[in-house]
Amino acid sequence: DNQQFGGRTTGSLLWGWDFTPGMRLTASAGSAYKAPTFNELYYPGYGNTALRPESSRSYELGLRGTPGWGLWSLNAFETRIRDLIAYDASRGVPGNVDRARIRGAEAVASTTLAGWTLRGTATWLDPPRAHLRGPLPPADLAAVAPPRHRPGRAAVRGAGAHRGAG
């Protein structure tokens, strides 16, 4: 609970079905609630006491497999947010975005080769869709996307680790 904004009941539900050995279909839905932080509300020269808490609903559908060579997964997701708290660069303070939608997909593959664990991830994000209320200008919609991914772009990452004796 938050003294100023109260509390909300949130939760999530996950369903999975192993339709073959080594292949699983998953679906999930969840809700979230985030009250503005103390600094977002009151920090001198930055705070905005008119901020409202944000709430969201998220959905994900996934398929994953564990073939003999390693594992892989494909996931599609969407989050719909009300009153998203985002930075308003035109005013230098946080503001609320009335409604926003973040949608994307991710593919992951992992294997072990000669003692090395190799993992690759590709993520695609659809440009956020937002309906504005208040002074947040369209140029600041990039703030709606998670910081590691910018709207309308794909990201590809890879990593490796070696597990040796000794």
Side-chain angles (χ1 to χ4, degrees), residues 1-2 4-20 22-37 39-41 48 50-67 70-91 93-111 118-159:
D1 276 354
N2 177 289
Q4 184 172 349
F5 296 104
R8 299 285 193 285
T9 300
T10 62
S12 62
L13 179 66
L14 173 67
W15 170 86
W17 177 47
D18 294 323
F19 61 93
T20 67
M23 183 107 31
R24 183 174 183 86
L25 178 66
T26 60
S28 66
S31 62
Y33 172 81
K34 179 184 172 284
T37 67
N39 285 345
E40 288 170 334
L41 291 167
N48 178 356
L51 283 177
R52 295 172 305 281
E54 66 181 47
S55 60
S56 64
R57 296 213 181 270
S58 296
Y59 307 93
E60 185 170 322
L61 183 63
L63 184 63
R64 72 174 180 232
T66 53
L71 65 90
W72 60 268
S73 67
L74 299 171
N75 297 291
F77 55 87
E78 179 172 289
T79 300
R80 294 183 178 267
I81 307 164
R82 282 201 161 279
D83 293 322
L84 173 71
I85 298 169
Y87 182 71
D88 180 351
S90 69
R91 296 179 46 222
V93 298
N96 285 107
V97 175
D98 184 28
R99 291 185 314 264
R101 186 211 74 215
I102 300 170
R103 179 185 292 170
E106 185 168 64
V108 177
S110 178
T111 191
L118 305 173
R119 179 182 171 96
T121 304
T123 304
W124 171 79
L125 285 177
D126 187 25
R129 304 283 186 252
H131 298 280
L132 303 177
R133 175 175 34 185
L136 194 67
D140 286 336
L141 289 181
V144 174
R148 292 175 62 176
H149 307 290
R150 288 295 167 229
R153 296 196 180 160
V156 178
R157 295 186 308 269

Grab the two heavy atoms, one from Leu51 and one from Pro36, that are nearest each other, plus how far apart they are. CB-CG, 3.9 Å

Which atom pair, heavy atoms only, marks the closest approach of Ile81 to Ile102? CD1-CD1, 4.0 Å

For Pro53 versus Ala35, what's the shortest heavy-atom pair and its separation? CB-CA, 4.0 Å

Taking all atoms of both residues into account, what is the closest heavy-atom pair of Gly62 and Asn75, and its distance? CA-OD1, 3.2 Å

When you compare the side chain of Thr26 with that of Ser28, does any pair of heavy atoms fall below 4.5 Å? no

Quick one, Leu74 and Trp72 - any side-chain contact, counting heavy atoms below 4.5 Å? yes

With a cut-off of 6.0 Å (strictly less than), are more than 12 heavy atoms of other residues, nucleotides or ligands near CZ of Arg64? no

Would you name the heavy atoms of Ala50 and Asn96 that are closest together and state the gap between them? O-OD1, 4.2 Å

State which residues pass salt bridge (Lys or Arg N to Asp or Glu O under 4.0 Å) with Arg80; sequence neighbours excluded, sorted by chain then number. Glu78

Qualifying residues under ring-ring contact (aromatic ring centres under 6.0 Å, His included), relative to Trp17, sequence neighbours excluded: Phe19

Ignoring hydrogens and angles, write down the donor-acceptor pairs under 3.5 Å from the side chains of residues 54-61, residues two or more places apart or on other chains.
residue : atom : partner : partner atom : Å
Glu54   : OE1  : Ile85   : N            : 2.7
Ser58   : OG   : Thr79   : OG1          : 2.9

Any non-hydrogen side-chain atom of Ser12 less than 4.5 Å from a side-chain atom of Ser31? no

